[in-house]
Amino acid sequence: MNKRGYIFFIVLLVLSWAFTSCGSSQEDTATDINLSNEDKDCCDENQEYKTSSYLHNLKELATYQTNQSNYLIKIYRNDSLHVGYNDLYFAIEKVSNGKHVKDFSISGITPTMTMGSMNNMQHSTPIGNVAQVDGVPVLHSWISFLMPTSVQSNNTWSLSFDYDIRDSIGGISNQPITVKSLATGLSYLKSFKYNNDTYFLSLVNPNNFVTGVNTIQAYISKKSSVITTPYALASDKFIVEITPTMPDMGNHTSPDNQALVLGDDGIYTGRLNLTMTGLWNIHLVVKTLDGTVVAGSDNDTSGYSNLYWAVNI
Amino acid sequence: MRQTVTLILIILFGPILDVSAQTDSVAFHKNLNEVIITSAIGGSQKKTSKGNAASIDENLKQLSNVNMISRGGYAWEPVINNMSTERISTTIDGMKIFYACTDKMDPVTSYVETDNLQRISLNSGLDGNPQATGNIGGSLDLKLRKIGFNNTPSAYHLLSGYESNGNMQVYSAGAQFSGNKFYTNFGVSRRYADNYKAGDNQTVQFSQFHKTNAFFNIGLRPVDNRIFEGTFIYDLATDVGYPALKMDVKRAEGIIGAIAYRQEHMKGLFSNWEIKLYTNRIVHIMDDTKRPDVEIHMDMPGRSRTSGLYSLLNGSHGIHQYKVNYDIYYNTLHADMTMYPADKDNPPMYMLTWPDVGTFNTGISLADDILFSENQSLHVSLKGSYQNRYIGSDKGFDALSIYFPGMSRSNSEYLWRSSVSYRFNIRHLHISLGTGYGNRAPSVTESSGYFLNNTFDRYDYIGNPHLKKESALELNGLTEWNNNKADFKVEANVFLFQNYIIGKPDTRLSPMTIGAAGVKIYQNLNNARIMNIIITGNYNIYDWLRLENRFKYSYGVESTGSHLPLIAPFTYNGALKTVMDKFEAEAAVEWAANHSDYSAKYGETETPGYVVFRISAGYHFDFKCFSVDLHTGIENILDRKYTTYSDWNHILEKGRNIFINASFTI
């Protein structure tokens, strides 16, 4: 759908929603709207409006057709895919009426890096669980890419996953995706070794920080023994202490930052105070729950851990 | 409540009560300490020896309770009773105006020029002028030069002045027209200088300045006793160097405007009424591009906007002579800082240093002079005001919240001051005893400034939104003895502070400024005290020859016993003056003792004592159709290389300086 058509669609939706919701509220009782193309697999007008609005704030990454060509699987993102943490959103449109499908599942998300520079050696990267987005028929997951796509070195990323949409079950395999490198100096993904295993620290939404008090979130994933298997969340528990500094400001730091600790949802959450805009290095010290330092004990020239995320705000 | 409303109505709309009272026009309360701005030769009033070529700062220096903090050759910061900007009030003809630079590079006195003013009046301590707020140390009111009705029908002024040190030049031109129903006076001036030289021919880099000023006053009197007045001032300083600081000023612009209505010779409780509506805008832009050793290039603009109104009633009844004033103003302060990393790939670093702080203040002041007899009088003044402050910027509020979690965005306070003094005469002895009590709200810098680097103690300062009001008890006394040959005066005051506001280091916090010593947060000290003694002794050797002496001593300590910063050392000023009809001359000496009671705790270091001499002379020439006032003199005759306790970071004072200026009146 081109842009104008999309806007027209939204306007229609808004108008129809406005009329129907006004009518129903005036009559004080819910009126069933029987539209000719009602489909119980799909959203009603109200849900459709909410879904479209939700997805409108995102950018489309890719569209895939299911086997029988009766559904479109659309993947959305916040930004261009880049090294480090990226949110991914899955929504299904029914081809016959263009509406979003209510119940479906996505599984087996597998990003694969094929390194042309290393005899086509393959490996995967940390990924998140699939979860339902509140209130809309959209599924959320994330991938934290270890490295960028490189045309020069022939390093390519591909994506595979399985779907189960009502009567349609199948898989999308090895679809190419492009992952950008980060601007010089930035770093959203860090790794450390613990008990001979490799762990990855993925900083969630590194572009959303603002001057002031921020909630900082991260995931810790463990490298799979078979490295083409996506790296799932680590079952070990850690504490990640943070110290933000500004390398351009003589390593100025902020007070009252709070270490990231693991919550029930598998996400590590802490408090990050950023006193101004600019480049911030978030120095990390990873500890086990009993306080043993696992990573980040070596300091760099700033006097803080040489294990750090680097973000711009 | 109803009484309050009635009172406000009276103040706003003039007297509605027709109480006839006899007007007592005896001006008996002469506590005003003021400097007259004039080119005229002769007279015993307090004035500079440079005439109108003197800067505002040089004029302010004449006031005995005033010291000046200097950060370069321009825009000195006045200090009254050893208290600076936060503890004093400065108004321009009753108008509130606030500086726009977080580093105090632009005290509001820098936004006017000498030829804008008639005089500068100083009220010491808590007895402020009616519009003053927060004036624990004192209040300055810069009185504009309004030519008034029925003055010389028309006159034109030209001024040209030169100073050898720094090639300082000043030029001004003005005109005045006056009649029974109309007057106007206006003028333009330009003043500029290169780097000045300290003693021993040492050039003080970045001490240049350029200032242009234009002013316009108008008055209309359509009906007797009903007067409309208007004032407009535009002031622009560019390329101003601040040798004591790490950066200079590219542009400091002030626009000041007011309209007023006055009613005179009214019958009733009040004999005259003035209501004035005013607004002013200040934009201040710093510049570090000319400095060779900049750690990190930054932009630091600041903006101050104030609008307000005051309504002042003057009256007398029986032995009372009183003033009632209502005023209201709103000020917003914005300052931010953008720092550009040496690594050009990295994004600029931005912060709000004054987070769009709005201050609303409204208050009522009353003053009464009660003349019991020719030898006894009582002066009472009171002011109560309500103040609300609000942080307008989300970004600024969020940033400050890091340091003060859960802080409130807005706060309201009731502020007040009171002062009473009793004056009596015993033969040739005049004695005055007074006391005052009052408080002040923290300044915007003190309550919500964000990483303001103080180059004096090299600390970054963060404002504290939880500060309590600072209050002070003032005790003052004056004894004066005079006969027609000599006069001798001892003045003393003591200020006992509670919740004295000052920055305290917080070692937990990391500074922002590269090379800073640490971070200080403004805190309330339990108590502090400041004491000042001024002794003057003058002797008229002959009718035409007068010897003047002034000794000043001050002392300031905080609760811990540590000395407070910027407290003047013992100083002596002596002058031998000749005043004749058309000629005046002066030889003067200024001596300061070693500043040994310096405050190491607040970043001060010792300042050695010094002695400097100056001579000056003035002559009034009358020609057929014009007259000339000529002033000339030599300052720091011995070219002494020295610095005073109030020279920021001990920048050197001017070395030998020869000045000459001529003021033409046609």
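Chain A is the first sequence line, chain B the second, and so forth, proteins listed ahead of strands; every chain is numbered from 1.
Counted within 6.0 Å of NZ on Lys601(B), heavy atoms from surrounding residues, nucleotides or ligands total more than 12; the atom is thus considered enclosed. Other residues, nucleotides and ligands place more than 12 heavy atoms under 6.0 Å from the CZ atom of Phe98(B). Within a 6.0 Å sphere centred on NZ of Lys50(A), heavy atoms belonging to other residues, nucleotides or ligands number 12 at most. The 12-atom threshold is exceeded at CG of Asp290(A), counting heavy atoms of other residues, nucleotides or ligands nearer than 6.0 Å. Enclosure of atom CE in Met121(A) by more than 12 non-hydrogen atoms of other residues, nucleotides or ligands within 6.0 angstrom is indicated.
Heavy-atom pairs under 4.5 Å with chain A peak, among Asp345(B), Asp398(B), Thr338(B), at Asp398(B). Comparing Leu274(A), Ile313(A), Asn312(A), Thr253(A) by how many heavy-atom pairs each has under 4.5 Å with chain B, the most go to Thr253(A). When the candidates Ala399(B), Gly396(B), Pro405(B) are compared by the number of heavy-atom contacts under 4.5 Å with chain A, Ala399(B) comes out ahead. Interface summary for chain B: among Met276(A), Met246(A), Arg271(A), the most heavy-atom pairs under 4.5 angstrom belong to Met276(A).
Residues Asp248(A) and Met339(B) form no side-chain contact, since every pair of their non-hydrogen atoms from C-beta on lies 4.5 Å or further apart. Considering only heavy atoms from C-beta on, Tyr403(B) stays 4.5 Å or farther from Asp256(A) through its side chain. Using a 4.5 Å heavy-atom cutoff, the side chains of Met249(A) and Ile514(B) are in contact. Under the 4.5 Å side-chain criterion, counting only non-hydrogen atoms from C-beta, Met512(B) is not in contact with Thr275(A).
The nearest pair of heavy atoms linking Pro511(B) to His252(A) is O-ND1, 2.8 Å. Nearest heavy-atom pair across Met349(B) and Gly278(A) is CG-CA, 3.7 Å.
Not a single donor-acceptor pair under 3.5 Å links the side chain of Ser510(B) to the backbone N or O of Ser254(A).
Applying side chain to side chain contact (heavy atoms under 4.5 Å, CB included) to Ile402(B) and the options Asn273(A), Asn214(A), Leu272(A) leaves one that passes, Asn273(A).
Within the 4.5 angstrom heavy-atom criterion, no atom of Leu186(A) approaches chain B.
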